[in-house]
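Each chain gets a letter, A, B and so on, in the order its sequence line appears, and its residues count up from 1. Computed from a predicted structure; not experimentally measured.
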Number of protein chains: 2
Amino acid sequence: MGLLMVLLQVIHYKAMVRDIQMELFGGIIGLLFLVFGIWLGMKLFNKNTSEKYDGSKLGLSKREVEVLELLAQGFSNQEVADKLFVSLNTAKTHISNIYTKLNVKRRTQAIQKARDLALIPTPKG
Amino acid sequence: MGLLMVLLQVIHYKAMVRDIQMELFGGIIGLLFLVFGIWLGMKLFNKNTSEKYDGSKLGLSKREVEVLELLAQGFSNQEVADKLFVSLNTAKTHISNIYTKLNVKRRTQAIQKARDLALIPTPKG
DNA sequence: ATTTACTTCATTCTTTTGGGTGATTTAATC
DNA sequence: GATTAAATCACCCAAAAGAATGAAGTAAAT
């Protein structure tokens with residue numbers, strides 16, 4: 001009878017341990033699903049947060065590519081300046097240099113060319 | 001001894017049932033995390049996926065869509081006017097009306113929105 | 001016939017954009 | 001230490017773009 005009691009105790013103990021493991025396991029699974037969900041959400045609805053676009057071929061600096069992306073998002077010179085925390089003059093200088101390097105005359109053309117050269121993300125993907 | 005065997009069988013059975021329930025529970029939790037993750041991913045990486053628009057046409061006239069296409073090709077107001085054989089003033093009027101109807105402030109935004117609404121062909125596909 | 005929508009053009013005015021030049025600072029490189 | 005590339009900002013000027021009007025002709029629909 002004592003042996004039986006011990007046996008039952010052991011079974012009970014193992015069940016408890018498994019419960020804890022189960023909770024841990026469930027938590028990990030949950031986390032994995034969370035990560036996967038975020039990744040999936042990103043893929044499905046992405047606007048490409050961070051991917052490097054190489055402007056080196058055309059001598060575009062990283063700052064200029066940055067400006068280019070803002071132009072492509074439809075911002076005015078002043079808005080670009082604000083978003084980069086620089087003066088309007090600075091923004092205009094960057095933009096002018098971009099036009100020269102891309103060999104275009106207007107911002108709409110610059111946006112087109114930048115997209116065409118894959119210097120900036122495309123609207124859809 | 002027979003009673004003991006039965007007892008063990010019952011315990012084992014209950015553990016199995018609980019295992020199944022656990023798996024179900026874990027699956028549900030996983031799904032919830034998945035949904036939450038997707039939602040989070042959407043929130044984090046989506047910048048206005050789609051904006052509800054009135055009708056499919058938004059009240060844009062044939063001529064206005066024509067102007068829109070030229071804008072999207074990077075032409076200046078004067079160039080648009082020339083291509084349509086109208087005066088600069090007329091082109092500007094059309095363009096202004098387009099901005100009003102599309103509810104935008106700049107031509108770059110108009111181009112974007114027009115593409116987004118598939119009012120004009122996209123550069124790629 | 002009257003209304004309605006579209007297209008056309010004009011004027012006036014303000015804002016934005018673009019071109020050109022030059023200067024300063026900083027970081028990296030030689 | 002000198003050179004170089006970036007990034008920053010300023011000033012001036014001209015052109016383009018945009019906002020807000022009004023108006024006139026035309027074609028289609030009611």
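Taking side-chain N and O atoms only, A:T90 has a distance below 4.0 Å to OP1 or OP2 of D:dC9. One finds no side-chain N or O of B:H94 lying less than 4.0 angstrom from the OP1 or OP2 phosphate oxygen of C:dT7. Using a 4.0 Å cut-off, no side-chain N or O of A:R63 falls inside it from OP1 or OP2 of D:dA5. In this model, the phosphate group of D:dA19 is not approached by any side-chain N or O of B:Y99 to a distance below 4.0 Å at OP1 or OP2. Proximity of B:S87 to the phosphate of C:dA10: a side-chain N or O atom is located under 4.0 Å from OP1 or OP2. Contact check, A:R106 against C:dG18: no side-chain N or O comes under 4.0 Å of OP1 or OP2.
Comment: A:R106 engages B:E79 in a salt bridge, judged by a side-chain N to carboxylate O separation of less than 4.0 angstrom.
In terms of modelled atom types and a separation under 3.5 Å, the side chain of A:K92 and the main chain of A:N77 share no donor-acceptor contact. Between the side chain of B:T122 and the main chain of B:A118, no donor-acceptor pair closer than 3.5 Å is present. For the pair B:K101 (side chain) and B:G59 (backbone), a donor-acceptor distance under 3.5 Å is present.
A residue-by-residue look at A:T93 and A:K101 shows that A:K101 has its nearest nucleotide of DNA chain D further toward the 5' end. Mapping B:E64 and B:N89 onto DNA chain C by nearest heavy atom places B:E64 closer to the 5' end of the strand.
C:dT11 atom P lies 12 Å from atom NZ of B:K92, rounded to whole Å. Protein atom CD of B:Q109 is 10 Å distant from nucleotide atom P of D:dA19, rounded to whole Å. In this structure, CZ of A:F75 is placed 13 Å from P of C:dT17, rounded to the nearest angstrom. Rounded to an integer number of Å, the gap from B:L71 CG to D:dA17 P is 9 Å. Nucleotide D:dA15 holds its C1' atom 12 Å from the CD atom of B:Q78, rounded to whole Å. Rounding to whole angstrom units, NZ of residue A:K105 and P of C:dT17 are separated by 18 Å. For A:L84 and D:dT8, the CG to P distance is 8 Å, given to the nearest whole Å. Atom CG of A:N97 and atom P of D:dA5 are 14 Å apart (whole Å).
Between the CG atom in B:D116 and the CD1 atom in B:I111 there is a gap of 13.5 Å [rounded to 0.5 Å]. Atom CG of B:L60 sits about 5.0 Å away from atom CG of B:L102, to the nearest 0.5 Å.
Here A:N77 lies in heavy-atom contact (under 4.0 Å) with sugar-phosphate atoms only.
Axis angle across the helix from C:dA1-D:dT30 to C:dC30-D:dG1, with five pairs used at each end and values rounded to 10°: 40°.
The closest side-chain heavy-atom distance from B:V67 to B:N97 is not below 4.5 Å.
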